[in-house]
Colleague: 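Got a structure for you, written out below as structure tokens; questions coming shortly.
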Amino acid sequence: AQSVTQLGSHVSVSEGALVLLRCNYSSSVPPYLFWYVQYPNQGLQLLLKYTTGATLVKGINGFEAEFKKSETSFHLTKPSAHMSDAAEYFCAVSVLDTGRRALTFGSGTRLQVQP
Amino acid sequence: EAQVTQNPRYLITVTGKKLTVTCSQNMNHEYMSWYRQDPGLGLRQIYYSMNVEVTDKGDVPEGYKVSRKEKRNFPLILESPSPNQTSLYFCASRAGTGRNTEAFFGQGTRLTVV
């Protein structure tokens, strides 16, 4: 069965600093991986996704993630944090089950950006 | 504008009083699902529907019902709510049949059962 582990429930960075949010997955087949962002009082919004092809994926708002099969990781990065990046971030893997087609989510990482 | 609409956004109810949370999408998506979000647990799937009149259980279906009479609507029904169903609920829809299709989420319904 597929699963996702997000290391660090809270991450705090200074404005302008590098953002690194960690995600490791477990999957018996090639995974399809997603990062979603949840701003306060809002639903989840897709940041980026990896399906096949290029392992470095660029998303919205300057975020990117690199799929590393050897490390079973899909960490999310942004070179320079902005105050507006403060939100909760979820890594997810698409489940293989023929019917469910569900997303399995990690427990989330709340990003704080300090001025 | 493509969107998933949930109502209500906030709901406080008492134990045992039946309630329905509505969900509607305007993207003609076949696949719809309900998740609940709890601190430290991420989002867990409650029920899903692959098309009209086709529904099935997700990871945490106990205490919930759903129906899919029309393609655009997928209401979540709590016949007899209990305090452990206090949570933030999200409806989501996806197009197509591939694992690579993204999910579109509603804005969430914060339910408190007292």
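Predicted model, so just to flag it, every value in this text is computed and none were measured. Here is the naming used below: chain letters follow the sequence lines, and residue numbers restart at 1 for every chain.
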Colleague: Linking I/L/V/M/F/W/Y whenever their side-chain heavy atoms sit closer than 4.5 Å, directly or via other members, would A:M83 and A:L21 fall into one cluster?
Modeller: yes

Colleague: What closest approach, in Å, do B:G40 and A:S107 show between heavy atoms, and which atom pair accounts for it?
Modeller: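 Here B:G40 and A:S107 meet closest at O-CB, 3.3 Å.
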
Colleague: Atom CD of A:Q38 and atom CZ of B:F90: how far apart are they, to the nearest 0.5 Å?
Modeller: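 Here the rounded value is 4.0 Å.
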
Colleague: Indicate, with yes or no, if B:F74 and B:L78 share a hydrophobic cluster defined by side-chain heavy-atom contacts under 4.5 Å among Ile, Leu, Val, Met, Phe, Trp and Tyr.
Modeller: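 The answer is yes; both residues are in one hydrophobic cluster.
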
Colleague: Given that the side chain runs from C-beta out, which part of A:Q6 has a heavy atom under 4.5 Å from chain B: side chain, backbone, both or neither?
Modeller: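 For A:Q6, no heavy atom lies under 4.5 Å from chain B.
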
Colleague: Do B:D59 and A:T104 touch side chain to side chain, with heavy atoms closer than 4.5 Å?
Modeller: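 Answer no - side chains too far apart.
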
Colleague: Answer yes or no: are there more than 12 heavy-atom neighbours, outside B:R44 itself, under 6.0 Å from its atom CZ?
Modeller: yes

Colleague: Can you establish whether the number of heavy atoms outside B:I12 located under 6.0 Å from its atom CD1 is more than 12?
Modeller: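 No, the 6.0 Å shell around CD1 holds no more than 12 heavy atoms from other groups.
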
Colleague: Give a yes or no on this: more than 12 heavy atoms of other residues, nucleotides or ligands lie within 6.0 Å of atom NZ of B:K65.
Modeller: no

Colleague: Hey, does A:L103 have a side-chain heavy atom less than 4.5 Å from the side chain of B:Y35?
Modeller: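 Side chain of B:Y35 against side chain of A:L103, heavy atoms only: contact under 4.5 Å found.
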
Colleague: About how many Å separate CD of B:E102 and CG of A:L47, when rounded to the nearest 0.5 Å?
Modeller: 11.0 Å

Colleague: For the residue pair B:P39 and A:R110, establish whether any side-chain heavy-atom pair is separated by less than 4.5 Å.
Modeller: no

Colleague: Which atoms of B:Y89 are under 4.5 Å from chain A, going by heavy atoms: the side chain, the backbone, both sets, or neither?
Modeller: neither

Colleague: Treat each ILVMFWY residue as a node, draw an edge where side-chain heavy atoms are under 4.5 Å apart, and state whether A:V57 and A:V37 are in one component.
Modeller: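 A:V57 clusters together with A:V37.
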
Colleague: Can you hop from B:V60 to B:L88 via hydrophobic side chains spaced under 4.5 Å?
Modeller: no

Colleague: Of the backbone (N, CA, C, O) and the side chain (C-beta and beyond), which part of B:L43 lies under 4.5 Å from a heavy atom of chain A, both, or neither?
Modeller: both

Colleague: Measuring heavy-atom distances to chain B, does A:Y36 have an atom under 4.5 Å in its side chain, in its backbone, in both, or in neither?
Modeller: side chain

Colleague: So, B:R9 side chain and A:N41 main chain: donor-acceptor pair closer than 3.5 Å or not?
Modeller: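 Side chain of B:R9 to backbone of A:N41: a pair is present.
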
Colleague: B:M50, B:M32: one ILVMFWY side-chain cluster at the under-4.5 Å cut-off?
Modeller: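 In one cluster with B:M50: B:M32, no.
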
Colleague: Relative to chain A, which segment of B:R110 carries a heavy atom at a distance below 4.5 Å: side chain, backbone, both, or neither?
Modeller: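 No part of B:R110 comes within 4.5 Å of chain A.
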
Colleague: Tell me, side chain or backbone of B:Q37 under 4.5 Å from chain A's heavy atoms, or both, or neither?
Modeller: side chain

